[in-house]
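Naming: A, B, ... by sequence-line order, numbering from 1 per chain. Because the structure is a prediction, the values reported are computed rather than measured.
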Amino acid sequence: MSATGHHLPAEPEKIVSIDAEYLAGRRFPYQEDISLVEHVDLMAATPGQDLNWLEDVTLLEEEGTPAVFDRYSNSFVKIYFPIPDGREDEIARKVLIKHLQSGNSYGIALKERHCKFPQPQLGPWVTGSKTVGTDWRPSVLEGWEPPAH
Amino acid sequence: MTAPGQAREARFDARGLVELDERVPNVAEIEGGRARFDARDLTTRQINLELRRLIYGEGIADVVVANPGARHSLGVGILARCRIAFEGSLGYFACGMIDGPEVTIFGRVGWSACENMMSGTVLIEGNAGSLTGAAIRGGDLVVKGSVGARTGIDQKGGTILTLGNAGSMTGFMMQRGRQIICGDAGPGLGDSMYDGVIYVAGKVKSLGIDCVPGEWTDADSELIERKFSIYELGTPPRFEKFVCGKKLYNYDSLEPSERRIVL
């Protein structure tokens, strides 16, 4: 390294625990207000005659805060309101479904930009959501041209 | 056919599709919110395109596919709430990566049926090949026949219910979820499983590494009775429960948040 001040670029920031707020850049109202999730019908939100995939969703904890894991974006959705005793998993599931139905899961944002095949933007959580992925084109590196052969 | 001296146009799809014909066949008969089409003369991609047109485009929630002809990779990646019935057997990778559909397959399926399934229900009337429900993350997969080797390999959630027997290494590297096997299980059951539960009503040829008998609870009885009731499978037999012995746990190198998910 010369003394004239040539510096290597700084290491990229490394985030160990990713949560939904970090990915979205904001906190969502249903993380702070239980009344916004009380009405969520879990049975109606899942296929089949029982809770289906939500059976595996339970209340966890992230950085000392109650949280539910969003498998569609590999992130935690923290819950800031007091959770009534005995309703931990139910509330966690309701927050998660609200998060997915609201289209706030980061995986849904990625769909709009990157999905390669047509699919409903809000997946199985909202009936009749718009179709995304109808016009996917491979990204091209700036300045690159295909070989002449 | 390319004429002599004429350059042949090279076609490819950057998404990796082998079958480049993207024409939607538009052959389904739609009546009263239900659709039905005959797949006998359609290619694999045409069948899947027709399914997507009906479910995503037309908003049809009930589709019947006649004569699927045991083609591979049918019904994959359907991400919507709907009902799909295949009137016949399917090949390998049937209904993989689905999220939401309730599928009935009136026949058998090849290997890797419902791999990476996220949610929904799949009912297979016949047998299923090896790797059934590989890496399944949620939903119910019910096989009325028997399943092959390594069923539920890398299972991360959901329930796989088999009325018949299960092959060797069933539940290999299972991480979460449930398997209910009403018949016998082959050698190496639950080998290297991290978590999850396997119930077996028949004989177990041998247990895999770190798979041990578990203690029966009321929650186990409730789960099995509920699933048998939902799928109208009659009175459940008596099961033995197997879980992870946790002797292979080595999570010291994991981040705390990762550890919480796994555990």
Could you walk me through whether E55(A) and R226(B) pass the salt bridge (charged side-chain N to carboxylate O under 4.0 Å, His left out) check? CA-CA 13 Å; E55(A) 202 163 349; R226(B) 170 160 45 92; 2.8 Å; yes
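Interface check for chain A: of the options G120(B), G158(B), G77(B), G139(B), the most heavy-atom pairs under 4.5 Å are formed by G120(B). Of the listed residues (N52(A), L122(A), L51(A)), the greatest number of heavy-atom pairs within a distance under 4.5 Å of chain B belongs to N52(A). In terms of heavy-atom pairs under 4.5 Å with chain A, the best-connected choice from K227(B), R178(B), R15(B) is R15(B). Contacts with chain B were tallied for V126(A), T46(A), T127(A); T46(A) has the most, counting heavy-atom pairs under 4.5 Å. By number of non-hydrogen pairs under 4.5 angstrom with chain A, the leading residue of S119(B), G100(B), S229(B), G138(B) is S119(B).
Heavy atoms closer than 4.5 Å to chain A are found in the side chain of L223(B), but not in its backbone. For chain A, no part of I98(B) is nearby; none of its heavy atoms comes within less than 4.5 Å.
Annotation: D218(B), atom CG; neighbour count of heavy atoms from other residues, nucleotides and ligands within 6.0 Å does not exceed 12. In E38(A), the CD atom is crowded: over 12 heavy atoms of neighbouring residues, nucleotides or ligands sit closer than 6.0 Å. Residue-environment remark: CZ (F37(B)) exceeds the threshold of 12 foreign heavy atoms within 6.0 Å. No more than 12 heavy atoms of other residues, nucleotides or ligands lie within 6.0 Å of CD in E215(B), so this atom counts as exposed by the packing criterion.
Remark: R71(A) CZ to M118(B) CE distance equals 4.0 Å, nearest 0.5 Å. Annotation: the span from Q49(A) atom CD to D140(B) atom CG amounts to 10.0 Å, rounded to 0.5 Å. Here the CG-CZ distance, from L49(B) to F117(A), works out to 9.5 Å after rounding to the nearest 0.5 Å.
Here the closest non-hydrogen pair linking P120(A) and L79(B) is CG-O, 3.1 Å.
Side-chain atoms of R81(B) and P47(A), non-hydrogen and from C-beta on, do get closer than 4.5 Å to each other. W125(A) places a side-chain heavy atom less than 4.5 Å from the side chain of D99(B).
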